Undergrad: 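Structure incoming, see below.
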Amino acid sequence: MSEIFHRAELMLGKDSIELFSKQNVIIFGLGGVGSWCIESLVRTGFKEITLVDYDTVCETNINRQLPATTKTIGRLKTEVLKERFEEINPDVHITIRSEAYSPANADSFNLNEYDVIIDCIDSMQSKIHLIREATKTSSFFISSMGAALKIDPLQIRVDEFWEVKYDLFARRIRKNIRKGELPSKPFPCVYSLEQTMEGSEVHETNGESKRINGSTAHITAIFGFTIAGEIIKHFLSKQ
């Protein structure tokens with residue numbers, strides 16, 4: 001199966017592909033950012049991967065999420081992606097946890113087992129909790145900020161969490177995280193400098209309001225691919 005990674009080996013070297021294959025990766029969130037991120041890693045030789053997402057594919061996912069097609073509506077995203085990645089590389093080892101990370105179940109994830117922890121969570125409370133816990137480990141930890149309401153790929157950046165600029169989601173996270181325990185170490189974030197565009201609507205469900213933000217595939221995918229690139233660069237720098 002080495003031919004799968006031949007073109008990556010030409011550029012990165014066989015030793016790098018071998019190094020990637022030994023890294024234990026966990027990703028939280030398999031939406032528009034996370035699904036493309038992990039696809040890129042699988043296609044670059046990473047094969048010890050845990051997928052964490054509670055959600056099923058719905059029709060509104062199709063415009064931007066890798067597992068979403070008209071044939072996968074109603075299926076768990078974790079199961080759809082596991083099948084896909086095993087078709088890409090039959091030697092990949094995919095563990096799925098079809099649940100949402102939260103403060104209530106965080107202890108069931110032994111984050112110290114992983115070499116890479118990827119945060120693509122949308123929920124504010126859960127994201128802040130994961131940031132606090134992941135930065136206590138020696139793992140390479142990277143987080144996605146807000147990819148919605150953006151259209152310009154040339155404004156996507158990577159910076160340390162406290163240096164992220166113009167991102168309203170990051171601003172809210174920092175405001176809330178200061179109310180409690182701060183991250184234990186610096187960590188990179190993927191974000192956009194672009195000012196938030198118009199394109200939201202509010203849905204009322206069971207007496208609760210939920211804001212739905214517009215998003216596009218090219219932005220969410222580039223966020224995901226950028227995360228994958230930062231992970232690859234991290235391990236290349238260690239050689």
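This structure is a prediction, so every number in the text was calculated from the model and none was measured.
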Undergrad: Hey, could you give me the CG/CD1 distance between Leu51 and Ile38, rounded to the nearest 0.5 Å?
TA: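 It is 6.0 Å, given to the nearest 0.5 Å.
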Undergrad: Can you spot which of Ile231, Ile27, Val116 makes a side-chain contact (heavy atoms from CB on, under 4.5 Å) with Leu41?
TA: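 Per the side-chain contact (heavy atoms from CB on, under 4.5 Å) rule, the option paired with Leu41 is Ile231, out of Ile231, Ile27, Val116.
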Undergrad: With a 4.0 Å cut-off on N to O distance, would you call Lys233 and Glu230 a salt bridge?
TA: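 Salt bridge: yes.
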Undergrad: Under a 4.5 Å side-chain heavy-atom rule over Ile, Leu, Val, Met, Phe, Trp and Tyr, are Ile222 and Leu193 clustered together?
TA: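 They do not share one cluster, since no chain of ILVMFWY contacts under 4.5 Å joins Ile222 to Leu193.
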Undergrad: Can you check whether Ile49's main-chain N or O pairs, donor with acceptor, with His93's side chain at less than 3.5 Å?
TA: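 Checking the backbone N and O of Ile49 against the side chain of His93, no donor-acceptor pair under 3.5 Å is found.
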Undergrad: Mind checking whether Ile88 and Ile96 sit in one hydrophobic cluster, side chains of I, L, V, M, F, W, Y counted as touching below 4.5 Å?
TA: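 Yes, Ile88 and Ile96 fall within the same hydrophobic cluster.
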Undergrad: State plainly whether one hydrophobic cluster holds both Leu19 and Val92, where clusters connect Ile, Leu, Val, Met, Phe, Trp and Tyr through side-chain heavy atoms under 4.5 angstrom apart.
TA: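 Same hydrophobic cluster.
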Undergrad: Under the criterion side-chain contact (heavy atoms from CB on, under 4.5 Å), which of Ile156, Thr216, Ile219 is the partner of Lys150?
TA: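 Looking at Ile156, Thr216, Ile219, the match for Lys150 under the side-chain contact (heavy atoms from CB on, under 4.5 Å) is Ile219.
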Undergrad: To the nearest 0.5 Å, what is the distance between CD1 on Ile212 and OG1 on Thr60?
TA: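 Separation between the atoms: 7.5 Å.
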Undergrad: Is there side-chain contact between Cys120 and Ile227, with at least one heavy-atom pair below 4.5 Å?
TA: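 Yes; the side chains approach each other to less than 4.5 Å.
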Undergrad: The criterion is side chain to side chain donor-acceptor pair (under 3.5 Å); which residues satisfy it with Ser21, sequence neighbours excluded?
TA: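 Applying side chain to side chain donor-acceptor pair (under 3.5 Å) to Ser21 gives none.
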Undergrad: Is it possible for you to say whether Leu130 and Val164 belong to one hydrophobic cluster, with membership spreading through side-chain heavy-atom contacts below 4.5 Å?
TA: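 They do share one cluster, since a chain of ILVMFWY contacts under 4.5 Å joins Leu130 to Val164.
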Undergrad: Can you label the angle between the Phe187 ring and the Phe161 ring as parallel, tilted or perpendicular, going by 30° and 60°?
TA: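 Parallel, since the angle between the ring planes stays under 30°.
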Undergrad: Answer whether the closest heavy-atom distance between the side chains of Phe46 and Asp115 falls below 4.5 Å.
TA: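 A side-chain contact is absent here, since even the closest heavy-atom pair is not under 4.5 Å.
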Undergrad: Got a sec: does the NZ of Lys14 have more than 12 other heavy atoms crowding it under 6.0 Å?
TA: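 No, NZ of Lys14 has 12 or fewer neighbouring heavy atoms, counting only those of other groups under 6.0 Å.
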Undergrad: Tell me if the OH atom of Tyr54 is crowded by more than 12 foreign heavy atoms within 6.0 Å.
TA: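 Atom OH in Tyr54 is not crowded, with 12 or fewer foreign heavy atoms closer than 6.0 Å.
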Undergrad: For a salt bridge (charged side-chain N to carboxylate O under 4.0 Å, His left out) check, start with the C-alpha distance between Lys127 and Asp119, then their side-chain angles and the critical distance, and finish with the verdict.
TA: CA-CA 7 Å; Lys127 193 176 194 75; Asp119 162 37; 2.9 Å; yes
Undergrad: Quick one: list whatever passes side chain to side chain donor-acceptor pair (under 3.5 Å) with Lys82, sequence neighbours left out.
TA: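 Residues passing side chain to side chain donor-acceptor pair (under 3.5 Å) with Lys82: Glu86.
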Undergrad: What pair of heavy atoms forms the shortest contact from Asn61 to Thr56, and how long is it?
TA: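 Reported closest heavy-atom pair: OD1-O, 3.7 Å.
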Undergrad: Evaluate Trp162 against Leu182 for side chain to side chain contact (heavy atoms under 4.5 Å, CB included), listing each step before the verdict.
TA: CA-CA 11 Å; Trp162 297 106; Leu182 296 179; 4.1 Å; yes
Undergrad: Heavy atoms, side chains only, cut-off 4.5 Å: are Met145 and Val190 in contact?
TA: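 Of all side-chain heavy-atom pairs linking Val190 with Met145, none is under 4.5 Å.
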Undergrad: Please walk me through it: do Ile73 and Cys58 pass side chain to side chain contact (heavy atoms under 4.5 Å, CB included)?
TA: CA-CA 5 Å; Ile73 291 172; Cys58 71; 5.5 Å; no
Undergrad: Just by distance, no angles: are the side chains of Arg97 and Ser108 close enough, under 3.5 Å, to form a donor-acceptor pair?
TA: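 There is such a pair (donor and acceptor under 3.5 Å, judged by atom type) between the side chains of Arg97 and Ser108.
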Undergrad: Can you find a pair of side-chain heavy atoms, one from Ile142 and one from Phe140, that are under 4.5 Å apart?
TA: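 Side-chain contact under 4.5 Å: yes.
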Undergrad: Let me confirm one number: the CG-CG distance from Leu111 to Asp107, rounded to the nearest 0.5 Å.
TA: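 Going from the CG atom of Leu111 to the CG atom of Asp107 covers 9.5 Å.
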Undergrad: How close do Val42 and Phe5 get, heavy atom to heavy atom, and via which atoms?
TA: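 Looking at all heavy atoms of both residues, the closest pair is O-CE2, 3.5 Å.
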Undergrad: Count the heavy atoms of every other residue, nucleotide or ligand shown that sit under 6.0 Å from CD of Glu59, and state whether that count exceeds 12.
TA: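 For Glu59, atom CD is not crowded (no more than 12 foreign heavy atoms under 6.0 Å).
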Undergrad: Less than 6.0 angstrom separating the ring centers of Phe223 and Tyr191, yes or no?
TA: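 No, the ring of Phe223 stays outside the 6.0 Å limit from the ring of Tyr191, centre to centre.
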Undergrad: Kindly indicate whether the side chain of Lys136, heavy atoms from C-beta on, has any atom under 4.5 Å from the side chain of Glu133.
TA: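 In contact.
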Undergrad: Checking Ser138 now: which residues fulfil side chain to side chain donor-acceptor pair (under 3.5 Å) with it, not counting sequence neighbours?
TA: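 Per chain and number, Ser138 pairs via side chain to side chain donor-acceptor pair (under 3.5 Å) with no residue.
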Undergrad: Determine whether more than 12 heavy atoms belonging to other residues, nucleotides or ligands lie under 6.0 Å from atom CD of Gln155.
TA: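 It does: Gln155 CD has more than 12 such atoms within range.
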Undergrad: Less than 4.5 Å apart, any side-chain heavy atom of Ile128 and any of Ser126?
TA: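 SC-SC contact between Ile128 and Ser126 ruled out.
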Undergrad: Can a side-chain donor-acceptor contact be found between Lys77 and Gln65 if the only test is distance below 3.5 angstrom?
TA: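 Yes, because at least one side-chain N or O of Gln65 sits under 3.5 Å from a partner of the opposite role on Lys77.
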Undergrad: Rounded at 0.5 Å granularity, tell me how far NE2 in His218 sits from CH2 in Trp36.
TA: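 That separation rounds to 13.0 Å.
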Undergrad: Where the side chain of Ser215 meets the backbone of Ala148, is there a donor-acceptor pair that is under 3.5 Å apart?
TA: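 No; judged by distance alone, with no hydrogens or angles, the pair does not exist.
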Undergrad: Are any side-chain N or O atoms of Ser139 and backbone N or O atoms of Phe141, one a donor and one an acceptor, separated by less than 3.5 Å?
TA: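 Checking the backbone N and O of Phe141 against the side chain of Ser139, no donor-acceptor pair under 3.5 Å is found.
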Undergrad: Any chance you could measure Lys22, atom NZ, to Phe235, atom CZ, to the nearest 0.5 Å?
TA: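 So the NZ of Lys22 and the CZ of Phe235 are separated by 12.5 Å.
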Undergrad: Between Asn105 and Glu99, do the side chains contain a donor N or O and an acceptor N or O under 3.5 Å apart?
TA: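 Yes, Asn105 and Glu99 have a side-chain donor paired with an acceptor closer than 3.5 Å.
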Undergrad: Would you check if Tyr114 and Thr50 make a side-chain contact, meaning some heavy-atom pair closer than 4.5 Å?
TA: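 In contact.
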Undergrad: CE of Met11 to CZ of Arg7: how many Å apart, nearest 0.5 Å?
TA: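 Taking CE in Met11 and CZ in Arg7, the distance rounds to 11.5 Å.
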Undergrad: Do Glu194 and Arg157 meet the salt-bridge criterion of a basic N to acidic O distance under 4.0 Å?
TA: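 Looking at Glu194 together with Arg157, the answer is no, because their closest N to O distance does not fall below 4.0 Å.
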Undergrad: Could you check whether Arg64 and Thr220, counting side-chain N and O atoms only, form a donor-acceptor pair closer than 3.5 Å?
TA: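 Result is no, nothing qualifies.
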Undergrad: Taking the side chain as C-beta and beyond, is there a heavy-atom pair between Phe28 and Ile117 under 4.5 Å?
TA: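 Yes, side chains in contact.
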Undergrad: Any donor and acceptor pair, going by atom type alone, linking the side chain of Thr78 with main-chain N or O of Ser98 inside 3.5 Å?
TA: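 No; judged by distance alone, with no hydrogens or angles, the pair does not exist.
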Undergrad: Please report the C-alpha distance between Glu113 and Asn110 in whole Å, then the side-chain angles of each, then the deciding distance to 0.1 Å, and finally whether the side chain to side chain contact (heavy atoms under 4.5 Å, CB included) criterion is met.
TA: CA-CA 6 Å; Glu113 292 181 352; Asn110 186 357; 3.4 Å; yes
Undergrad: Taking it one step at a time, do Ser192 and Asp167 satisfy side chain to side chain contact (heavy atoms under 4.5 Å, CB included)?
TA: CA-CA 7 Å; Ser192 173; Asp167 185 296; 5.7 Å; no
Undergrad: Between Thr137 and Ala134, is there a donor-acceptor pair closer than 3.5 Å when you use the side chain of the first and the backbone of the second?
TA: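 Flag set: sc Thr137 to bb Ala134 pair under 3.5 Å.
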Undergrad: So does Asp122 have more than 12 non-hydrogen atoms from other groups sitting under 6.0 Å from CG?
TA: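 Not more than 12 within 6.0 Å, no.
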Undergrad: Answer yes if Ile94 and Leu81 sit in the same cluster of Ile, Leu, Val, Met, Phe, Trp and Tyr residues linked by side chain heavy atoms under 4.5 Å apart, and no otherwise.
TA: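 Yes, Ile94 connects to Leu81 through the hydrophobic network.
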Undergrad: Has Asn176 got a side-chain atom pairing as donor or acceptor with Arg172's backbone, closer than 3.5 angstrom?
TA: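 Yes; at least one donor-acceptor contact below 3.5 Å.
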